[in-house]
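Some notes on the structure that comes next.
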Amino acid sequence: MAQTTATQLGPRAIAHVKVTDDLPDLSSLSNDAPQEDLAFPGLPPFPDDTSTAPLLRLNLQRLVSHDPAEEDRLWRACCELGFFYLDLRDRAPSKRDSLHDDREGDLNGEALLQDAETLFHLGEKVFALPAEEKQNYDFKDQGSYFGYKGLGAGVVDSKGTRDRNEFYNISKDDILGVGSALPAPEVLQMQESRALLKSYMQRSHAVVSLVLGQLNEKLGLPTGTLQSLHRLRAESGDQVRWVRSPPQPMDKRQMSLGEHTDFGSVTVLFNRLGGLQILPPNSSDWVYVKPLKGHCVVNLGDAMVKFSAGILRSNMHRVVSPPRGQDELTRMSLVYFARPEDEVILKALEESSQVREKRSQQRSQGQQDEEVISAKDWILRRALGRRVGGDYAKSGGTEGGRTKQF
Ligand SMILES: O=C(O)CCC(=O)C(=O)O
Ligand SMILES: [Fe+2]
């Protein structure tokens, strides 16, 4: 059926739409040309009349150059919503020389966008493999969340309603040679694929380190504290994930990925079609996050809530059918999850006086100390808890009540 074979990467040539005043937070656009075209070529446009989430739009180059206003906006975004757009495009490529590029190392927005683009195509090849073959790479029974999860092999709620997506998770440690290599389909074992994954992981991790460095400073932690808990070459649950959701029949639509907060520290997400929704603070209405060309979406996970005693926010989100006009296409997204190193204990970093004060306020209000748990155990429990047959009740994170952040 044409409907199920059409994908978001397909050749449908649709005129670009202009982003004008349809982003709710206009202040976030104040540094950009108002008529900028941020639609994805070849895809039906995100509908203009659908309300969207008020994510701030930050700019990688301004953060790299320590623009104080941009750093303040980053802090605001991380405390108030825990989600923001990051514009990865290079505004002045002609002014950059090769020396400059070398100094930047892995922190290169344009190169990250290019890697993401190529990885979308690799993901299509992985999901195009026969179902029986993909199933060989589901390692749930060995206690691992890496590898494949089939359509409906996860649950979206405590009633056990099946999800409507398939995943493929690739371990950073495997690709960087830090941990052992997991069995994988041939298309992922090819030298070219592994090199691409490595490059994408390093570049995403560089963005994560930049964000961690700036949050470290704003929290008043000793220099390098947060980065030292997320070293690229230390063993961790960091992973790349492709999420693929086929279109759902109009009369039987349900969530394709259940409501959750991310388990780890910082997530870098590439979307082309709508479908991601967030529940804004103090609201009961889920709203779509509109994908923007040249940008990734960055969000914080529960580890950052725990490290900061709730000063930083990890927001609830989920994936549903794309909005009208996009809902007959297969949706795919690409994610990099940065998580604390395996042995890190998830607790408030009281070397920061802000965190210390927050904790003492919480203690005086009778809030108990957090459970002592390592990043490795926390992530394993939460990831496998949402698989069919898993312990859903134990898959919850810090969202349980914003007054009890951890
Ligand atoms: O597909 C998306 O846009 C979001 C995926 C997500 O939230 C997740 O995998 O944790
Ligand atoms: Fe998520």
Side-chain angles (χ1 to χ4, degrees), residues 7-9 40 43 46 52-53 55 81-86 116 119-120 123-124 127 145-151 153-157 163-172 204 208 237-248 254-279 286-293 295-305 313-323 326-327 329-339 378-380 382-387 395-399:
T7 78
Q8 57 182 309
L9 296 171
F40 290 88
L43 290 179
F46 188 96
T52 51
L55 269 59
L81 189 58
F83 263 84
F84 58 89
Y85 293 110
L86 187 60
L119 273 173
F120 266 87
E124 294 243 304
F127 291 122
Y145 50 82
F146 296 125
Y148 181 68
K149 180 202 69 67
L151 196 67
V155 297
V156 299
D157 58 29
D163 65 18
R164 296 282 176 89
N165 68 67
E166 47 184 342
F167 284 172
Y168 203 102
N169 291 334
I170 301 188
S171 158
K172 177 262 291 168
S204 298
V208 169
D238 288 12
Q239 63 174 36
V240 165
R241 168 181 293 168
W242 288 285
V243 186
R244 179 183 180 276
S245 324
Q248 301 190 39
Q254 53 151 78
M255 270 183 276
S256 59
L257 176 62
E259 304 170 7
H260 67 283
T261 51
D262 286 349
F263 323 148
S265 303
V266 182
T267 302
V268 178
L269 170 64
F270 290 90
N271 277 337
R272 269 111 168 89
L273 289 178
L276 173 67
Q277 291 188 324
I278 67 163
L279 187 62
W286 289 89
V287 277
Y288 280 104
V289 174
K290 175 178 179 167
L292 302 181
K293 189 179 71 176
H295 295 61
C296 59
V297 170
V298 177
N299 67 284
L300 302 188
D302 291 344
M304 299 305 285
V305 177
R313 184 176 174 89
S314 63
N315 203 87
M316 285 290 263
H317 55 286
R318 66 182 188 183
V319 179
V320 298
S321 285
Q326 301 192 325
D327 53 352
L329 297 185
T330 292
R331 175 182 190 272
M332 206 164 79
S333 57
L334 171 69
V335 200
Y336 180 75
F337 293 101
R339 293 159 168 170
W378 164 261
I379 289 158
L380 207 55
R382 295 203 54 201
L384 294 179
R386 295 237 168 158
R387 292 297 304 265
S395 75
T398 60
E399 72 277 11

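Just so you know, ligand 1 is whichever comes first in the structure, and atom 1 is the first atom listed for that ligand. What you see is a predicted model; the values in this text were computed from it and never measured. Heavy-atom basis, side chains included; hydrogens, waters and symmetry copies ignored.
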Query - Derivation and outcome, side-chain hydrogen bond (donor to acceptor under 3.5 Å, both in side chains), residues Thr261 and Asp302 - result: CA-CA 7 Å; Thr261 51; Asp302 291 344; 3.0 Å; yes
**Report entry** Derivation of the side chain to side chain contact (heavy atoms under 4.5 Å, CB included) call for Leu300 and Val305
**Finding:** CA-CA 8 Å; Leu300 302 188; Val305 177; over 6 Å; no
Query raised in the report: Going through the checks in order, is the side chain to side chain contact (heavy atoms under 4.5 Å, CB included) test met by Val297 and Leu55?
Result: CA-CA 9 Å; Val297 170; Leu55 269 59; 4.1 Å; yes
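You'll find the side chain of Val320 reaches within 4.5 Å of the side chain of Met255, heavy atoms only. Residues Arg339 and Gln239 form a side-chain contact, since some pair of their non-hydrogen atoms from C-beta on lies under 4.5 Å apart. Counting heavy atoms from C-beta on, the side chains of Leu276 and Leu269 come closer than 4.5 Å. Side-chain contact between Asn299 and Asn315: absent, with no pair of heavy atoms (C-beta onward) separated by less than 4.5 Å.
Atoms of ligand 1 lying under 4.0 Å from any heavy atom of Arg331, numbered from 1 in the order shown and given with element: 1 (O), 2 (C), 3 (O). Taking a cut-off of under 4.0 Å to the non-hydrogen atoms of Phe337, the atoms of ligand 1 that pass are 8 (C), 9 (O), 10 (O). Applying the 4.0 Å criterion to heavy atoms of Val319 picks out, from ligand 1, the atoms 1 (O), 2 (C), 4 (C). Against a heavy-atom cut-off of under 4.0 Å, Asp262 is close to the following atoms of ligand 1: 10 (O). Taking every non-hydrogen atom of Leu257 and a distance limit under 4.0 Å, the qualifying atoms of ligand 1 come out as 5 (C), 6 (C), 7 (O), 8 (C), 9 (O). Ligand 1 places these atoms under 4.0 Å from at least one heavy atom of His317: 7 (O).
Counting only protein N, O or S atoms, the number found under 2.8 Å from the Fe ion (ligand 2) is 3.
Exactly one residue among Tyr336, Phe120, Trp242 makes a side chain to side chain contact (heavy atoms under 4.5 Å, CB included) with Phe270. That residue is Phe120.
Ring-plane geometry between Phe83 and His317 is classed as perpendicular, the angle between the planes exceeding 60 degrees on a 0 to 90 degree scale with a lower cut at 30. Using bins of under 30°, 30° to 60° and over 60° for the plane-to-plane angle, the ring pair His295/Tyr85 lands in the perpendicular bin.
Arg241 NH1, 2.8 Å is the protein heavy atom nearest to atom 9 (O) of ligand 1. Protein heavy atom at the shortest distance from atom 1 (O) of ligand 1 is Ser333 OG, 2.6 Å.
The residue Thr267 has no part lying near ligand 1, judged by heavy-atom distances below 4.0 Å.
For the ligand labelled ligand 1, residue His260 lies inside the 4.0 Å heavy-atom shell.
Closest approach of Pro322 and Tyr288 over heavy atoms only: C-OH, 3.7 Å.
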